[in-house]
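Every chain is numbered from 1 and lettered A, B, ... according to where its sequence line falls, protein lines coming before strand lines.
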Protein chains: 2
Amino acid sequence: MHKYSKQVRHLLAVDCIIFGFDGELLKILLIQRGFQPEKGNWSLMGGFVELNESLNQASNRILKQLTGLEGVYLEQLHTFGDTDRDPIERTVSTAYFALIDIHKYETQLSNDYHAEWFPLKRVPKLIFDHQEMVEAAKRRIRYKAALHPILFELLPNRFTIPQLQTLYESVFNTTIDKRNFSKRVLATGLLIKLAEKDKAGSKRGAYYYQLNMQNYYAKFQAFLNFIPNPDTLLL
Amino acid sequence: MHKYSKQVRHLLAVDCIIFGFDGELLKILLIQRGFQPEKGNWSLMGGFVELNESLNQASNRILKQLTGLEGVYLEQLHTFGDTDRDPIERTVSTAYFALIDIHKYETQLSNDYHAEWFPLKRVPKLIFDHQEMVEAAKRRIRYKAALHPILFELLPNRFTIPQLQTLYESVFNTTIDKRNFSKRVLATGLLIKLAEKDKAGSKRGAYYYQLNMQNYYAKFQAFLNFIPNPDTLLL
DNA sequence: TATATTAATTGTCAAATAAACACTAAAAAA
DNA sequence: TTTTTTAGTGTTTATTTGACAATTAATATA
């Protein structure tokens, strides 16, 4: 059968907003762009979509290139299609955001791409419309995390409740009463208490927990509401 | 400066899921495709993205072509990028969903495109991956409407509370206690009661309301929660 | 060894919210 | 005048949320 021969073809890219949590702050991984235009300036990790590659494949490829990681949380965010967003040539870019365990990230790859983690509050000036993409990703991660347990994807397999609370407080830039927080979190049935304690964070040590994966998948879509008064979240 | 001359170019399309409410059922507008492949089969309204046209412009153009409407609620849903989704040639498509007042829709345009409204429960077999797009749009409209007052976009300027309730019940396929419903809806401060009544729907007649646009924009992002126990909504 | 320090862990009560529930009112039709 | 139909409204109970502080475990220090 005929091809759509009369139609215009476009450049298609994917860009990844990669989130990580270092125990204190929510951060994103940025690279220094290695080619013109804007060579040397801070940028999201991205790349062009190839001919026989789906968007999901492309985003996973880009993510692996920079982090060495596969099979992590990666979700399509939005497609940015303004005609002038890339000054060289019209390029449509689909942004994805990834949530990774920052400790699994392979540090040596940073060097290849001159990559660096930046706290969300200290993101440098970015190329093109990447600033806008980051803003959209921030809104989305907050929106989604207010309702669904995605933030666990940022933690290692075993984590403590104080760690989890610090994560929520960092993402929502708020403080939460620890009695109410642990009550809510434990009431979800998402956590399994382990026998061992984490001794690094305090003298007393805090018990490790891990996700009950069964319940996690079952309840992922339920509205969980860990955040007090989540009334004015922006989508 | 140089172009990205070594990169592959792709076909880019937009497809629109157009929702309307006839007072009883939530429906979508489908067309019979006018060209090969799949000529004559049911399809979403769509089209290729042109060279100097943003995605938003393209989706607005497509929407206007079929409905005659401009300035209506139109939101990017998701970009579908599997390599084999169009059997003729690899095409990436960004799906948008629109919420329109079904009465403002210009009926004569139906004829040009052999368009027809289908209740969501009776959507015919669709071409390509349009079925998947419709499913995603259904999930999204429910998810968003459970938290934000988007469903007003489906109603005329003036509407009654029973009409509004029917709409919610139709979208969520549930029944809601009318005392609780009207209490909640009125408590938002989103509605202005008018002096006139709608006499079409009942003997007694129901008062018309219209949106308080000030409050509507101000509270759009707040979680409103008209739906009892919205616990298992799927994103 | 005793004491001090630090962070983890846990429960109650009050307030706000949500859910269940049924009668009266208005208007047209019979 | 009566019947029919749908609109409109208030109270009570149950559930959920939010505010609040003392105790415990372990290490560090005196």
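Look at CD on E196(B): it is 16 Å from C1' on dA7(D), rounded to the nearest Å. Atom P of nucleotide dT9(D) and atom CD of Q165(B) are separated by 14 Å, given to the nearest angstrom. Regarding I176(B), its CD1 atom lies at a distance of 16 Å from the C1' atom of dC21(C), rounded to whole Å. Protein atom NZ of K199(B) is 13 Å distant from nucleotide atom P of dA7(D), rounded to whole Å. In this entry the distance linking CZ of R184(B) with P of dT9(D) reads 18 Å, nearest Å.
Sorted by first and then second residue, the pairs that involve residues 56-69 of chain B and meet salt bridge (charged side-chain N to carboxylate O under 4.0 Å, His left out), not counting sequence neighbours, are E50(B)-R61(B), E53(B)-R61(B), K64(B)-E70(B).
By the side chain to side chain contact (heavy atoms under 4.5 Å, CB included) test, K193(A) pairs with Y207(A), Y209(A), sequence neighbours left out. Every residue meeting the side chain to side chain contact (heavy atoms under 4.5 Å, CB included) condition with S43(B), not counting sequence neighbours, appears here in chain and number order: I31(B), R33(B), I127(B), H130(B). Residues that satisfy the side chain to side chain contact (heavy atoms under 4.5 Å, CB included) test with N173(A), not counting sequence neighbours, are K121(A), R142(A). Residues satisfying the side chain to side chain contact (heavy atoms under 4.5 Å, CB included) test with V72(B), not counting sequence neighbours, are L63(B), L69(B), I100(B).
A centroid separation of 6.0 Å or more is found between the aromatic rings of H148(B) and Y73(B).
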Subject >> Summary of protein contacts for nucleotides 7-15 of chain C, nucleotide by nucleotide, where a base hit scores B, a sugar-phosphate-only hit scores S (4.0 Å, heavy atoms) >> reply: BBBBBB---
